[in-house]
Student: 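Here it is, the structure in full.
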Amino acid sequence: MLAGLNDAQRMAVEATQGPVLVLAGAGTGKTRVLTTRIAHILMNKLAWPGEILAVTFTNKAAREMAERVALLTGASQSLWQGTFHSIGARIIRRHAEKLGLTSSFTILDEDDQLRLIKAILIEQNIDGKSLPPKLFLSVIQRWKDQGLTPDKVTGGQDTQQVGGHALGVYRLYQARLKAVNATDFGDLILHMLTLFTQFPEVLEEFAKRFKYILVDEYQDTNVAQYLWLRLLASYHQNICCVGDDDQSIYSWRGAEVGNILRFERDFPDATVVKLECNYRSTPHILAAASSVIANNRGRLGKTLWTQVKEGEKLQLKSLWDETEEARFVGEEIEQLQRKGVSLKDIAILVRAGFQTRAFEERFLTLGVAYRVIGGLRFYERAEIRDAVAYLRLIASPQDDLAFERIINSPKRGIGQATMQQMHTSARSLNFSLYGATQHLLAGGEFKGKLGGALGKFIGDLGRWREKRDALNLAELTELMLEESGYRAMWQQEKTPEAAGRVENLKELVRAMGEFENLAAFLEHVSLVTEAANNDNNTDMVSLMTLHAAKGLEFDVVFLPGWEEGLFPHQRAVDESGMKGLEEERRLAYVGMTRARKRLFISHAANRRIYNQWQSSIPSRFIGEIPEEHMEKLGGGMHSAPRQAGRNWKDEVAAIMASAGASAKTATAAPRGSKNNFSKGQRIFHQKFGYGRIQAISGDHIDIDFEKAGQKKVLADFIALA
DNA sequence: CGTTTTTGCCTTTTT
DNA sequence: GGCAAAAACG
């Protein structure tokens, strides 16, 4: 089992006593170390499966780990294994009553959270226009990421946020969650901290149980998760964290790279192992990625090396716009296919979700099979969320959020006025909306059609609840969809998407067959947020965001959209300055190191964003790749706009958008790949206007712009004035 | 109360 | 240019 490991990997596996920090560069076999370590512990009988806690960030990583451990040990093991959140849900369910919840609590998604906050803002007479609910939610989430319950939030600027209302809203929000027997994602960690600190006997139970703790993607833990891990490790001290500070890309979600540095401080006797031998990429790819990330400061510093000798240089392509970029990628893919590369070994990694669109359109015309990973998720579709809300209401009548969601779909003639009446009654009686409605019905408050519809609704729910044990899940859902008239509602609608929705409902019923009971299904829905069709067997190109690509690898990787403003993303730079820029650079590093054999980077001079043409200069990250590792592909953007038969309307729009200046840039780009500019020349740039050349180094030209000041731009984007 | 029209926001990344 | 929420209308 240890045979195929290198020295460092073996050390990480065999250091079973005391805390271990594994700094694992990209492609250095960290998953292998983790799984082998678990197998090693099990086979040497250092612990039983139930005494091992293995935490990952994504469900995908969790599944992969389970599979690989099973493969190594020859049996599937009942470890405590999963994401921080799924383990949190499991532990909290066991002790729900200590936290003022029942074990059947629900886990809210972002939609529910926002609805809750909106309701609170209305109650509190806080203007949701100038202070959007989203802002409150993000402040609250940040607090939760830091392990702060409302009473732990200290004064100062923090409480001044969002017009000084943040803390008050946080308090009410937590109260409302408890009232509807619900938690949000952040609570799954936060409640565990509360549980462990307020009930030492519970902490003792778990701290003693987990003889070994393993943590994957440690660089992405937030403070709350870090505190939780420390509490759990306090007894046996056998905690092994694997991470890479260069791949920390979730600080916007509360992740603290500092947790890596903190680890050595809080566990002073920790064994630190560095994995630096890369088994994934060619030397050119590795060198290019290393050069880029070297521009970041405050790294722990690793030097990746590889034994591989051969390999192609990275390929850089400049293009006119996103359509051309998609066309280019499509052509390259077809060429690769002819060389025998299969589509499933190819990935296109983008900075932002909307970028996939151009590629999808192109692949559809070419007939290239593709799949978008992430994107719209099955359980986020309206019809699925509605159906789930019905089921939630069957499971727990006090779920007001579910009640509100479906009370009027299908239409039951309930509007604002009726809703208001229910709310008022619920609040004064301290009932749930369901209970209040029952009460109002009994009092004969609802007359005529309204009363009939509501009576049927309440009656239906009661009947379904009685039957929920007698029927299996699929049957129950089927019955509900039928009797509620929910499915009929979509069947009667003649919009193009209605048929798809009916299909989705069918798919939902089918998916339910895999679950034992309603509770198990509801937990799955709220915790497993990934796309439904994830079968890796079909031969398709993968399209996803850079974030979603973490942990994956492909023979061929395309990294399009390397433009200032998009990547690094303007917002990251605006909001977090140098820190934001460095995180973007880490994202670039993650993207580049996904490639095994070939890596293409491209940028477009123009891009349509919000239906407006915007031109941009190549990403600074391109300039950070040494020329000896990169090959510039010729052709492309210079002749593209005319020759390639692009949509005439688009061209007109492009010309109009670049206001007056475009006549020059759209048609007059008469250069080959070699530039023949010289110092002192007056030039024109589409974005920065007129300027004079200060210095030339290869294709990088320093220009003193009349309006925009000193800039370094690529020769491809300027023309003689 | 429900339907149609208009506005406004969006596109950073997600458990 | 697309989608959801608000506003206006019937």
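Predicted, not measured: the structure shown is a model, and the values here were computed from it. Quick note on labels: first sequence line is chain A, next is B, and so on, each numbered from 1.
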Student: Between A:Y589 and A:Q247, does any side-chain donor sit less than 3.5 Å from a side-chain acceptor?
Tutor: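 Absent: no donor and acceptor within the cut-off.
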Student: Tell me whether the side-chain N/O atoms of A:T545 come closer than 4.0 Å to OP1 or OP2 in B:dT14.
Tutor: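 Looking at the OP1 and OP2 atoms of B:dT14, one of them is under 4.0 Å from a side-chain N or O of A:T545.
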Student: Are A:Y250 and A:W252 near enough that their ring centres are under 6.0 Å apart?
Tutor: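 Yes, close enough.
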Student: Could you give the CG-to-P distance, from A:D216 to B:dT15, as a whole number of Å?
Tutor: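 Nearest whole value for this atom pair: 14 Å.
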Student: Can you name the side-chain contact (heavy atoms from CB on, under 4.5 Å) partners of A:A511, sequence neighbours left out?
Tutor: none
Student: Between B:dT13 atom P and A:E110 atom CD, what is the distance in whole Å?
Tutor: 11 Å
Student: Looking across every strand, which nucleic acid part, if any, lies under 4.0 Å from A:E575 by heavy atom: base, sugar-phosphate, or nothing?
Tutor: base
Student: Can you sort out the partners of A:E383 under salt bridge (Lys or Arg N to Asp or Glu O under 4.0 Å), two or more places apart, ordered by chain and number?
Tutor: A:R501
Student: In whole angstrom, what separates A:N59's CG from B:dT14's P?
Tutor: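 Whole-Å distance recorded here is 14 Å.
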Student: For A:A549, which residues count as a side-chain contact (heavy atoms from CB on, under 4.5 Å) partner, sequence neighbours excluded?
Tutor: A:L349, A:M544, A:R594
Student: In the 5'-to-3' direction, what one-character label does each nucleotide of nucleotides 1-11 of chain B receive under the scheme B = base within less than 4.0 Å of a protein heavy atom, S = sugar-phosphate only, - = no such atom?
Tutor: SSS------BB
Student: For the pair made of NZ in A:K60 and P in B:dT14, what is the distance, rounded to whole Å?
Tutor: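 Whole-Å distance recorded here is 11 Å.
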Student: List in chain and number order the residues that pass salt bridge (Lys or Arg N to Asp or Glu O under 4.0 Å) with A:E563, two or more places apart in sequence or in another chain; answer none if no residue qualifies.
Tutor: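 Salt bridge (Lys or Arg N to Asp or Glu O under 4.0 Å) check on A:E563 returns A:R607.
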Student: To the nearest Å, how far apart are A:F84 CZ and B:dT14 C1'?
Tutor: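 Atom CZ in A:F84 sits about 15 Å away from atom C1' in B:dT14.
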Student: One thing to verify: whether A:E324 and A:R327 come together as a salt bridge, which I'm taking to mean a side-chain N less than 4.0 angstrom from a carboxylate O.
Tutor: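 Yes, charged N to carboxylate O under 4.0 Å.
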Student: Scan A:F567 against the nucleic acid and name what it touches under 4.0 Å (heavy atoms): base, sugar-phosphate only, or nothing.
Tutor: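 No contact.
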Student: Mind calculating the distance between CG (A:L349) and P (B:dT13) to the nearest angstrom?
Tutor: 14 Å
Student: Dot-bracket for DNA chain B, 5' to 3', counting Watson-Crick or G-U wobble pairs under 3.5 Å, with [ ] for crossing pairs and | for inter-strand pairs?
Tutor: |||||||||......
Student: Could you tell me how far apart A:L527 (CG) and B:dT14 (C1') are, to the nearest whole angstrom?
Tutor: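 For the pair A:L527 CG and B:dT14 C1', the rounded distance is 13 Å.
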Student: In terms of side-chain geometry, is the basic nitrogen of A:E582 or A:K579 positioned less than 4.0 Å from the acidic oxygen of its partner?
Tutor: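 No, this pair does not count.
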Student: Just how far, in rounded Å, is P of B:dT15 from CG of A:D145?
Tutor: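 About 14 Å, once rounded to whole Å.
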Student: Does a donor on one side chain sit under 3.5 Å from an acceptor on the other, for A:D184 and A:Q141?
Tutor: no
